[in-house]
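Down below is the structure, laid out as structure tokens.
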Amino acid sequence: MRFKQRWSARLLKILGVRLVTDAPFVDPGSLLVANHISWLDVFVINAAYPAAFVSKAEVRNWPLIGWLASRNETVFLRRGSRGHARIVNAEIGALLGRQRHVAIFPEGTTTDGSHVLGFHAALLQPAIRAGAIIQPLAIAYRLPDGSFTRAAAYDDDVSLLECIRAIVAEPEIVARIRVAPPMPTIDLPDRRALAHAAREAIVARLED
């Protein structure tokens, strides 16, 4: 985990991305729930809170990103398969039970970072079953003067090469993680209510 954290921090430095985080203590075995902007999000989170990730199965076949994901302790989910969803949920529960962080992006897709889509609730179920903490993380990419940039956005028809070029074209990008208060699942065991509450907490932190 320390190697993963150092490697991710090194990649950010190479790309000219400076990480800024609230850096509070995050309970071991938390389900990290974040908004999703870029392939870079995985390394931003890992540089702060090393975690296993849950990703759609198609990512495994993406150039470079799929290779990185497969070597980054990623749990690949085949969407639309209830049987496979149960297997994935069991894997997530096992990781949480071993006090490992697991990170998910419940929007299910990326945005340019200017807004947060609705959250899918299904992947929160393993945390409920394990009695784990839901830890919302608000990710934002800004220029050093605090202004918005979509340079890191990997959305719509942006290719990986175009995204990397946009990132390195900026002298510096600030990747900011704002940590919302943890949400014990024992207090709110309904996954849809949890998903809504987590999204609202992230939106509030992005607006701080």
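There is no path of hydrophobic side-chain contacts, each under 4.5 Å, that joins Ile164 to Val174. Linking Ile, Leu, Val, Met, Phe, Trp and Tyr whenever their side-chain heavy atoms come within less than 4.5 Å puts Val44 and Tyr49 in one cluster. The same ILVMFWY cluster, assembled from side-chain heavy atoms under 4.5 Å apart, contains both Leu12 and Ile177. A single hydrophobic cluster is not seen to contain both Phe148 and Leu19; linkage of ILVMFWY side chains at heavy-atom distances under 4.5 Å, directly or through other members, places them apart. Placement of Met183 and Ile92 within a single hydrophobic cluster is found when ILVMFWY residues are connected by side-chain heavy-atom separations under 4.5 Å, directly or transitively.
Counting only heavy atoms from C-beta outward, the side chains of Leu40 and Leu15 approach each other to under 4.5 Å. In this structure the side chain of Asp22 reaches within 4.5 angstrom of the side chain of Arg205, judged on heavy atoms. Using a 4.5 Å heavy-atom cutoff, the side chains of Leu32 and Phe53 are not in contact. Contact of the Asp27 side chain with the Gln135 side chain is not registered, since no non-hydrogen atoms from C-beta on lie closer than 4.5 Å. You'll find the side chain of Ser114 stays beyond 4.5 Å of the side chain of Arg150, heavy atoms only. A 4.5 Å side-chain heavy-atom check between Val179 and Leu137 finds at least one atom pair inside the cut-off. The shortest side-chain heavy-atom distance between Pro182 and Ser30 does not fall under the 4.5 Å cut-off. Proximity of Val33 to Leu123: side-chain heavy atoms (C-beta onward) are nowhere separated by under 4.5 Å.
The neighbour count for Asp157 CG, taken as heavy atoms of other residues, nucleotides or ligands under 6.0 Å away, does not exceed 12. For Ile186, the CD1 atom counts as loosely surrounded, since its 6.0 Å shell holds 12 or fewer non-hydrogen atoms of other residues, nucleotides or ligands.
Considering every non-hydrogen atom in both Gly93 and Pro126, the closest pair reads N-CB, 4.0 Å. Closest non-hydrogen pair, Ala47 versus Ser8, comes out as N-CB, 3.8 Å. Nearest approach of Ala151 to Glu170, heavy atoms of both residues: CB-CG, 4.1 Å. Scanning all heavy atoms of the two residues, the minimum distance from Ser38 to Thr110 falls at N-CG2, 4.1 Å. What you find for Val158 and Ala153 is that their closest heavy atoms are CG1-O, 3.9 Å. The two atoms that bring Ala127 and Leu31 nearest to each other are CB-CD2, 3.8 Å, heavy atoms only.
Considering NZ of Lys13 and CG of Leu11, their distance stands at 12.5 Å, rounded to 0.5 Å. Atoms CD and CZ, on Glu172 and Arg142 in that order, are 14.5 Å from each other to the nearest 0.5 Å. With values rounded to the nearest 0.5 angstrom, Ile133 atom CD1 is found 11.5 Å from His101 atom NE2. The CD1 atom of Ile104 sits 11.0 Å away from the NE2 atom of His120 when rounded to the nearest 0.5 Å. Atom CG of Leu124 sits about 10.0 Å away from atom CG of Leu188, to the nearest 0.5 Å. Atom NZ in Lys4 sits 5.0 Å away from atom CG in Asn46 (nearest 0.5 Å).
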Next item on the list: Take Phe119 and Glu107 through the test side-chain contact (heavy atoms from CB on, under 4.5 Å) and record every step on the way to the result.
Entry: CA-CA 5 Å; Phe119 280 7; Glu107 288 170 287; 3.6 Å; yes
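Asn35 contributes no side-chain N or O that, together with a main-chain N or O of Phe105, makes up a donor-acceptor pair within less than 3.5 Å. When atom types are taken as modelled, the side chain of Arg199 and the backbone of Val116 share a donor-acceptor pair closer than 3.5 angstrom.
When each of Asp155, Leu117, Asp156 is checked for a side chain to side chain contact (heavy atoms under 4.5 Å, CB included) with Thr111, only Leu117 meets the rule.
Between Phe43 and Trp7, the angle of the ring planes lies from 30° to 60°, which puts this pair in the tilted group.
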